[in-house]
Enquirer: 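One structure is given below, represented as structure tokens, and several questions about it will come after.
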Number of protein chains: 2
Amino acid sequence: MVTNALALVEKEGPQALTMRRLATELDVTTTTIYWHVGGRDELVTEIVRRQADRLAARPVQGDSPRQRVMDAARHVWESALENRAVTSLAYQNGAIAVLEHPLHRALVIELEAAGLRGQSGADAMRAILTTVAGFLLAALRDESATPVERTSAGLWAADPGEVDPTTVTALIGAADLPVLFESAVQAVVDHYVRDAA
Amino acid sequence: MVTNALALVEKEGPQALTMRRLATELDVTTTTIYWHVGGRDELVTEIVRRQADRLAARPVQGDSPRQRVMDAARHVWESALENRAVTSLAYQNGAIAVLEHPLHRALVIELEAAGLRGQSGADAMRAILTTVAGFLLAALRDESATPVERTSAGLWAADPGEVDPTTVTALIGAADLPVLFESAVQAVVDHYVRDAA
DNA sequence: ACCTGAACACCGTTCAAGT
DNA sequence: ACCTGAACACCGTTCAAGT
């Protein structure tokens with residue numbers, strides 16, 4: 001049941017997961033699903049939990065603390081990109097913490113190895129993960145779903161103001177999120193984690 | 001009509017904005033709304049556009065480029081916090097660019113004043129705004145809507161793993177987002193904007 | 001214990017019809 | 001030009017009833 005739901009989400013996206021759709025897929029009535037898992041929220045939580053178990057906690061790489069912390073942050077990012085559908089589902093239903101908790105813990109452990117524990121560790125972890133979340137929001141957003149005049153590119157084209165034309169051209173073009181991720185997240189990591197000289 | 005919709009969103013939140021609800025508020029049928037603005041997406045865009053016009057572009061403060069860029073970024077953050085309901089509505093409907101475009105332009109202008117134009121300007125702008133977006137996502141999320149066992153705090157309490165108890169305690173407590181915003185966003189700003197020595 | 005049928009209270013949207 | 005009534009195609013959820 002949860003297996004079928006997970007497969008449905010991965011094949012047709014988060015918006016395909018409705019009680020009626022899943023019921024049809026399982027050849028039962030919607031009420032049967034309610035009897036088994038009890039409501040859409042619980043179903044989503046179960047799907048996300050299942051996916052979290054599937055996520056192999058790949059080993060953190062790097063020779064220095066700052067490299068290892070950065071790599072742990074990168075795991076959150078890459079894992080989300082590799083599982084767009086379930087990640088989006090988790091985001092939309094407030095279950096992202098369930099999905100990423102093991103990866104978050106790996107990050108905290110690296111921060112502790114870097115000497116950051118207690119409030120300092122929590123602060124560093126939250127600052128880094130919030131930054132990562134911003135990039136995930138940008139990367140998982142379905143651009144094709146919004147009409148041009150509502151996109152950033154469309155607005156720059158229509159309403160550049162006093163901005164340099166070369167900058168406007170760059171703003172109308174596509175962003176290279178993976179590159180921006182590296183520099184922005186690294187900047188935040190470096191602010192909290194200083195390698196011993 | 002758009003005025004009433006905006007008032008409804010501000011008073012009762014984004015989820016209160018349904019065609020039927022707004023129709024009742026206006027003492028008309030839903031079809032009347034369709035005749036006037038043409039669909040929910042267009043309605044939301046109009047609401048957000050109206051709100052964007054209302055947002056006074058307060059002057060950017062600071063003596064150095066990095067201070068002024070930081071202040072422009074802070075305006076995006078503060079403006080969103082002061083208008084939670086409309087900002088959430090814009091986020092959920094892919095119209096956030098419409099709402100924030102004037103503030104984004106102010107940021108780009110400060111970046112140009114700092115010597116960043118063309119691709120460098122666009123990169124810096126995107127990295128900074130994506131980081132800000134992460135904090136907005138965290139700040140606008142309705143914590144009370146998700147049950148504890150799905151929150152980060154609940155997961156740390158239930159499943160701390162090999163993490164230091166003092167760190168776990170800090171992770172269960174509330175985050176001070178405004179403080180974290182300052183340090184994380186400043187770190188990203190500093191990475192792109194270097195003051196002349 | 002497990003599943004169904006019928007219903008409730010919602011959504012956004014369309015379209016022919018009225019004035 | 002402006003508005004209505006009725007309908008379509010969806011949602012999540014509940015509850016009495018069946019086996």
Side-chain angles (χ1 to χ4, degrees), chain A residues 1-50 85-86 88-96 98 141-142 144-147 149-150, chain B residues 1-50 85-86 88-96 98 141-142 144-147 149-150:
Chain A
M1 161 138 241
V2 176
T3 315
N4 294 269
L6 180 51
L8 178 62
V9 170
E10 284 184 326
K11 192 146 59 91
E12 306 195 33
Q15 82 291 342
L17 184 76
T18 70
M19 304 307 264
R20 282 174 170 83
R21 182 80 161 71
L22 180 60
T24 315
E25 216 79 18
L26 293 164
D27 254 308
V28 291
T29 349
T30 54
T31 30
T32 305
I33 303 173
Y34 281 87
W35 193 89
H36 279 282
V37 299
R40 191 173 190 275
D41 267 20
E42 287 83 349
L43 174 62
V44 169
T45 307
E46 278 315 308
I47 295 171
V48 171
R49 229 191 288 273
R50 176 77 56 97
V86 184
S88 296
L89 180 75
Y91 257 110
Q92 286 159 22
N93 295 275
I96 194 70
V98 175
R141 189 163 27 206
D142 190 4
S144 59
T146 32
E149 69 271 17
R150 261 195 300 253
Chain B
M1 157 140 245
V2 177
T3 314
N4 294 271
L6 180 51
L8 177 62
V9 171
E10 285 184 325
K11 191 146 59 92
E12 305 196 32
Q15 82 290 342
L17 184 76
T18 71
M19 304 307 264
R20 282 174 170 85
R21 181 79 161 73
L22 179 60
T24 315
E25 216 79 18
L26 293 165
D27 253 306
V28 292
T29 348
T30 54
T31 31
T32 305
I33 303 174
Y34 282 87
W35 193 90
H36 279 281
V37 298
R40 192 175 190 275
D41 267 20
E42 287 83 350
L43 175 62
V44 169
T45 307
E46 280 314 308
I47 295 170
V48 171
R49 229 191 288 275
R50 177 76 57 97
V86 183
S88 296
L89 180 75
Y91 257 109
Q92 286 161 21
N93 294 275
I96 193 71
V98 175
R141 189 163 29 208
D142 191 5
S144 58
T146 31
E149 69 271 18
R150 263 197 297 257

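Numbers restart at 1 for each chain; the letters A, B, ... are given by sequence-line order, proteins then strands.
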Enquirer: May I have all residue pairs that pass salt bridge (Lys or Arg N to Asp or Glu O under 4.0 Å) and include part of residues 39-49 of chain A, sequence neighbours excluded?
Expert: A:Asp41-B:Arg150, A:Glu46-A:Arg49
Enquirer: Using Watson-Crick and G-U wobble pairs with both distances under 3.5 Å, what is the 5'-to-3' dot-bracket string of DNA chain C, with [ ] for crossing pairs and | for pairs outside the strand?
Expert: ||.|||||...|||||.||
Enquirer: B:Thr18 near the nucleic acid: base, sugar-phosphate alone, or nothing, with a heavy-atom cut-off under 4.0 Å?
Expert: sugar-phosphate
Enquirer: So, using side-chain contact (heavy atoms from CB on, under 4.5 Å) as the criterion, who are the partners of B:Thr29 when residues are at least two apart?
Expert: B:Thr31, B:Thr32
Enquirer: Taking the nucleotide of DNA chain C with the closest heavy atom to each, which residue, A:Thr29 or A:Arg20, is nearer the 5' end?
Expert: A:Thr29
Enquirer: Heavy atoms of chain B, cut-off under 4.0 Å: which first and last nucleotide of DNA chain C, 5' to 3', fall inside that, if you could look?
Expert: C:dC11 to C:dC15
Enquirer: How would you list, by chain and number, every residue that makes a side-chain hydrogen bond (donor to acceptor under 3.5 Å, both in side chains) with B:Arg20, sequence neighbours excluded?
Expert: none
Enquirer: Looking at residues at least two apart in the chain, or sitting in another chain, which of them share a side-chain hydrogen bond (donor to acceptor under 3.5 Å, both in side chains) with B:Glu25?
Expert: B:Arg21
Enquirer: What heavy-atom pair brings A:Gly94 and B:Thr146 nearest, and what distance separates the two atoms?
Expert: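 Heavy atoms of A:Gly94 and B:Thr146 come nearest at O-CG2, 3.4 Å.
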Enquirer: Could I get the full list of side-chain hydrogen bond (donor to acceptor under 3.5 Å, both in side chains) partners for A:Gln15, not counting sequence neighbours?
Expert: none
Enquirer: What are the residues of residues 37-47 of chain B, sorted by number, that bring a heavy atom to within less than 4.0 Å of DNA chain D?
Expert: none
Enquirer: Taking the same atom, P, in D:dC10 and in C:dA9, what whole-Å distance lies between them?
Expert: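 The answer is 22 Å between these two P atoms.
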Enquirer: Can you name the residues that form a salt bridge (Lys or Arg N to Asp or Glu O under 4.0 Å) with B:Glu149, not counting sequence neighbours?
Expert: none
Enquirer: Using the side chain to side chain contact (heavy atoms under 4.5 Å, CB included) definition, which of the options A:Leu89, A:Val9, A:Val98 pairs with A:Val44?
Expert: A:Leu89
Enquirer: Report yes if some heavy atom in the side chain of A:Leu26 is under 4.5 Å from a heavy atom in the side chain of A:His36; otherwise report no.
Expert: no
Enquirer: How far apart are the C-alpha atoms of A:Val48 and A:Asn93, what are their side-chain angles, what is the distance that settles it, and do they pass the side-chain contact (heavy atoms from CB on, under 4.5 Å) test?
Expert: CA-CA 10 Å; A:Val48 171; A:Asn93 295 275; over 6 Å; no
